[in-house]
Amino acid sequence: DEEARRLLWYASFLKPLYDEAKRVPQVPKGARQGKKANRSILSKLLVDELKRPARDAEAIEKILKAADDFTVLIDSGCDLSAMSILLSDIRIMDDQENGEQQYPKQVCMMNGREVFSATEDDPMWQHAMEFRLLCSKVMNRIGPLWRAALLLSLSEQLVHVFDDLDYTIEGDTLDESRAERRQGVID
């Protein structure tokens, strides 16, 4: 979607400013304020200075907040949850036989066998459903822009992989080039 891509470009460009604005404490304003006084610095920049529509500024802020939520999920160990789900072949899909119904039945699979989700007591299945719930909460908050937020979060994680890769050899610091770092991750 071209619209989501455009908003993602803005969000990725403004992400450092957004992170810095979160760190700086907000100064309390006077007693009587209008709607514009309560806007974030990002919204002020986009709407007042760059003359972007307010709906773009709201969408960009939603992407940035959801990207932070995805990053929290990844940092809290959910990346391992996702890997275990993939390795256990846990899937939830629509029943192809009854596809013409308004609400098709969903089929739950784990390790190549069909499971009944309400009575399944396998800890891996329960863990997968908890992970699914956590992801759905973030995705429901942002709506159709969840892909852009997830991509921004993963990109940010990839950038952090290349930070602080200096190492010391007998007192000398050797800094690898970016190409050597990428090659090391690939190997």
Side-chain angles (χ1 to χ4, degrees), residues 1-83 85 127-168 173-186:
D1 175 0
E2 291 297 320
E3 178 72 9
R5 182 178 297 156
R6 184 178 64 79
L7 294 172
L8 177 59
W9 287 340
Y10 278 115
S12 62
F13 177 71
L14 295 170
K15 181 73 166 123
L17 177 65
Y18 175 77
D19 290 341
E20 190 62 31
K22 284 192 323 187
R23 286 188 204 114
V24 176
Q26 296 293 326
V27 178
K29 307 283 184 186
R32 237 176 113 81
Q33 302 273 318
K35 279 176 62 176
K36 286 188 174 184
N38 295 329
R39 291 190 308 189
S40 70
I41 191 165
L42 211 59
S43 187
K44 289 176 186 175
L45 175 70
L46 286 165
V47 174
D48 297 339
E49 304 301 326
L50 296 177
K51 307 298 183 202
R52 302 304 314 149
R55 70 179 182 278
D56 280 3
E58 291 170 5
I60 291 166
E61 285 193 37
K62 283 174 75 173
I63 290 172
L64 291 167
K65 288 176 186 172
D68 284 348
D69 291 343
F70 278 125
T71 300
V72 167
L73 279 176
I74 291 169
D75 289 343
S76 66
C78 287
D79 55 340
L80 297 175
S81 301
M83 187 182 309
I85 289 168
H127 184 72
M129 294 304 106
E130 289 172 11
F131 173 69
R132 185 173 180 237
L133 178 64
L134 290 172
C135 290
S136 72
K137 287 179 181 178
V138 175
M139 294 165 74
N140 284 335
R141 273 196 303 266
I142 191 168
L145 295 173
W146 70 268
R147 287 178 187 88
L150 180 61
L151 185 61
L152 182 61
S153 175
L154 292 174
S155 299
E156 188 177 24
Q157 294 293 317
L158 186 60
V159 166
H160 291 306
V161 166
F162 294 116
D163 288 348
D164 304 328
L165 285 181
D166 298 338
Y167 55 89
T168 304
T173 301
L174 178 65
D175 185 35
E176 295 178 319
S177 70
R178 288 190 184 268
E180 291 171 337
R181 291 177 189 170
R182 284 190 196 109
Q183 189 61 40
V185 169
I186 292 170

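Between Val47 and Ala57, the closest heavy-atom pair is CG2-CB, 3.9 Å. Ile63 and Ala149 make their closest contact through O-CB, 3.7 Å (heavy atoms, listed as atom of the first residue, atom of the second, distance). The two atoms that bring Lys62 and Ile142 nearest to each other are O-CD1, 3.4 Å, heavy atoms only. Closest non-hydrogen pair, Leu8 versus Ala148, comes out as CD1-O, 3.4 Å.
Here the CG-CH2 distance, from Leu151 to Trp146, works out to 10.5 Å after rounding to the nearest 0.5 Å. The structure places CG of Leu7 at 10.5 Å from OG of Ser12, a figure rounded to the nearest 0.5 Å. Annotation: the span from Thr71 atom OG1 to Leu154 atom CG amounts to 8.0 Å, rounded to 0.5 Å. Separating the CD1 atom in Ile60 from the CZ atom in Arg52 is a distance of 8.0 Å, to the nearest 0.5 Å. Rounding to the nearest 0.5 Å gives a distance of 5.0 Å between CZ of Phe70 and CG of Leu150. Summarising the geometry, atom CG belonging to Leu45 is positioned 4.5 Å from atom CG belonging to Leu50; distances are rounded to the nearest 0.5 Å.
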For Arg141 and Asp69, run side-chain contact (heavy atoms from CB on, under 4.5 Å): C-alpha distance rounded to whole Å, both residues' side-chain angles, the deciding distance at 0.1 Å, then the answer. CA-CA 10 Å; Arg141 273 196 303 266; Asp69 291 343; 2.7 Å; yes
For the pair Asp56 and Arg6, evaluate side-chain contact (heavy atoms from CB on, under 4.5 Å) and give the outcome as yes or no after the intermediate values. CA-CA 10 Å; Asp56 280 3; Arg6 184 178 64 79; 3.1 Å; yes
Applying side-chain contact (heavy atoms from CB on, under 4.5 Å), run through His127 and Ile85 and close with a yes or a no. CA-CA 9 Å; His127 184 72; Ile85 289 168; 5.8 Å; no
Decide yes or no on side-chain contact (heavy atoms from CB on, under 4.5 Å) for Leu152 and Leu64, but give the supporting numbers first. CA-CA 8 Å; Leu152 182 61; Leu64 291 167; 3.8 Å; yes
Quick one, Glu58 with Arg55, criterion salt bridge (Lys or Arg N to Asp or Glu O under 4.0 Å). Give me CA distance, side-chain angles, the key distance, then yes/no. CA-CA 5 Å; Glu58 291 170 5; Arg55 70 179 182 278; over 6 Å; no
Salt bridge (Lys or Arg N to Asp or Glu O under 4.0 Å) for Asp68 and Lys22? Distances and angles first, verdict last. CA-CA 11 Å; Asp68 284 348; Lys22 284 192 323 187; 2.6 Å; yes
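Here the side chains of Asp48 and Arg39 are in contact, with some heavy-atom distance below 4.5 Å.
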Report all side-chain donor-acceptor pairs from residues 133-140 shorter than 3.5 Å, counting only partners two or more places apart or in another chain.
unit_1, atom_1, unit_2, atom_2, d
Ser136, OG, Arg132, O, 3.4
Ser136, OG, Leu133, O, 2.8
Asn140, ND2, Ser136, O, 3.2

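Under the 4.0 Å criterion applied to side-chain N and carboxylate O atoms, Lys15 and Asp19 are assigned as salt-bridge partners.
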